[in-house]
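Following: one structure in structure tokens, then a few remarks.
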Amino acid sequence: MAFKSIRGTKDILPPETARWHYVESVVREVFHRFNYKEIRTPIFEQTALFARSIGELTDIVGKEMYTFTDRSDDSITLRPEGTASVIRAYIQNNLGEAQPLVKVYYIGPMFRQERPQAGRLRQFHQFGAEAIGSLQPEVDAEIIAMTIQIYKELSLAKYALKISSVGCEKCRPHFKEILQNELRKIAAKLSPDSQRRIEENPMRVLDSKDENDATLTAKMPVITDHLCAECARHFESLKKYLTSFHIPYTVDGRLVRGLDYYTKTAFELTSAELGSQDALAGGGRYDLLTQELGGKATPGVGFAAGIERLMMVLEKKGFEPAADIRPALFIASADAESRAWSVATTIDLRSEGIAVEADFLARSLKAQMREADRQQAKFVLVVGQRELGSGRAILKNMKTGEQNEIPLDEIRKQLS
Ligand code: AMP
């Protein structure tokens, strides 16, 4: 029996990888421009790190994590998201000591055992960033502006930004009570999931995907009307910044993210070009997380974006980047002796930094010319006994069709 990849995972094959390289290079370039530096954390961590940060009662921790016991009987989990690991690394490596505001980004795979469907995988990829150390709303605004800048530079124009404030430890408990009281009145009519959430996590009831739940809770109080003075001021300031950046947004007081660590700002970017899984990116502020994970109380804000979702939109738009890997030169050879020369020459030229390909299948010259075409080589050099003897050969420009006889020891000069 042939092996198959695991359900919910996907091979990313050439030429699709060229699109990934392109997207990753744009993402990196924007991050660098905003002065975010790359951080690479391990793909697995202690299970407790995620349980403690994301929250025991969330879907991610409750039913989606890839958790296993290793040979030392330690409970290990493949990271379902990036923030917890980054904060763990921030604390462990005292990153805040050298710098009051630490700005880092990551790009890599995440793992969640969700039901696979279009735009929902079990191994998927995210890019994301964290700014750790500032309470100021300008950092929230910068994170949102940076997220949007990335989509702009990838020519994605159709997205919607929703923002909210989910309050803090001062105002949220009070709001939860108000909401719980209202929800208890209609509990019997709600879906079983929502009934359970009334006591566990009432704000998530407002986020229910059940249509009946949505209708029943449409007029429920929202947290943005019940913020404490500090959270309200922070939220007003964020909105002012976004307006001054010319970034359109809507306030959605029902926006609840699937992770418990958020305080104050929460935001989500959706694309109408995606199906039911329409979230491109999400993020927010997490002022209590560092302390919760055993570090010194340090505020932070960040976001994460799904790369596969972004690829789906780019594909829909018919976006095809130029092949990022193509030989500058293909050396076609007529016989065994010239093939040996061409292989040795490719090794030389490659060591000098030139991308070169030759024939490794002992094919006919015609087949080699076809291959050079398929590889989108810029030039082809044809060598045989005569060329090796005279030290001169034809160099063909594949784009213009122009052919020139050149001395073999001038290949480098001709290519540059
Ligand atoms: P989250 O960490 O849940 O806030 O997700 C951030 C972004 O990651 C989402 O907006 C999606 O674009 C993407 N994402 C989350 N879960 C998945 C998944 N299972 N498959 C593909 N993309 C995902």
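Both ligands and their constituent atoms are indexed starting at 1 by order of listing. Since we're looking at a predicted model, the values are computed, not measured.
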Checklist entry - Quick check: are there more than 12 heavy atoms from other residues, nucleotides or ligands sitting under 6.0 Å from CG of Leu13? => result yes
Next on the checklist: Check the orientation of Tyr286 and Tyr261. Use parallel for under 30°, tilted for 30 to 60°, and perpendicular for over 60°.
Outcome noted: perpendicular
Checklist entry - Given Pro327, which of Lys378, Gln375, Gln376 fulfils the side chain to side chain contact (heavy atoms under 4.5 Å, CB included) condition? => result Gln375
Checklist entry - Which atoms of ligand 1 sit under 4.0 Å from any heavy atom of Ala279? => result 9 (C), 10 (O), 11 (C), 12 (O)
Item to check | Protein heavy-atom partner closest to atom 2 (O) of ligand 1 - residue, atom, separation in Å | outcome: Arg112 NH2, 2.8 Å
Next on the checklist: With heavy-atom distances below 4.0 Å as the criterion, list the atoms of ligand 1 near Ala304.
Outcome noted: 6 (C), 7 (C)
Item to check | Ring centroid separation Tyr105 to Phe31 under 6.0 Å | outcome: yes
Checklist entry - What residue and atom, counting heavy atoms only, is the protein's closest point to atom 13 (C) of ligand 1, and at what distance? => result Gly306 CA, 3.5 Å
Checklist outcome for this item: Interatomic distance, CG@Asp252 vs CG@Asp207, rounded to 0.5 Å, equals 9.0 Å
Checklist entry - Do Glu130 and Lys103 come within less than 4.5 Å of each other through their side chains, counting heavy atoms only? => result no
Checklist entry - Tell me, which protein residue and heavy-atom name are nearest atom 4 (O) of ligand 1, and how many Å apart are they? => result Arg257 NH2, 2.4 Å
Next on the checklist: Before you tell me yes or no, could you show the steps for Thr77 and Thr67 under side-chain hydrogen bond (donor to acceptor under 3.5 Å, both in side chains), namely the whole-Å CA-CA distance, both residues' side-chain angles and the distance that decides it to 0.1 Å?
Outcome noted: CA-CA 4 Å; Thr77 293; Thr67 297; 2.8 Å; yes
Next on the checklist: Give the atom numbers and elements of ligand 1 that come within less than 4.0 Å of a heavy atom of Ala281.
Outcome noted: 10 (O)
Checklist entry - How does Gln126 reach ligand 1, by side chain, by backbone, by both or by neither, if only non-hydrogen atoms under 4.0 Å count? => result side chain
Checklist entry - How far does CG of Leu293 sit from CD1 of Ile91, to the nearest 0.5 angstrom? => result 5.0 Å
Item to check | Nearest-0.5 Å distance that lies between atom CD in Gln195 and atom CD1 in Ile186 | outcome: 10.0 Å
Checklist entry - Does the N or O separation between Arg120 and ligand 1 drop below 3.5 Å for any pair? => result no
Checklist outcome for this item: Nearest non-hydrogen protein atom to atom 14 (N) of ligand 1, with distance, is Phe124 CE1, 3.6 Å
Checklist outcome for this item: The atoms of ligand 1 lying under 4.0 Å from a heavy atom of Leu121, numbered in the order shown, are 18 (C), 19 (N), 20 (N), 21 (C)
Checklist entry - Which ligand 1 atoms are under 4.0 Å away from a heavy-atom of Gly119? => result 20 (N), 21 (C), 22 (N)
Checklist entry - Can Glu114 be said to touch ligand 1, with heavy atoms closer than 4.0 Å? => result yes
Checklist entry - How does Leu280 reach ligand 1, by side chain, by backbone, by both or by neither, if only non-hydrogen atoms under 4.0 Å count? => result backbone
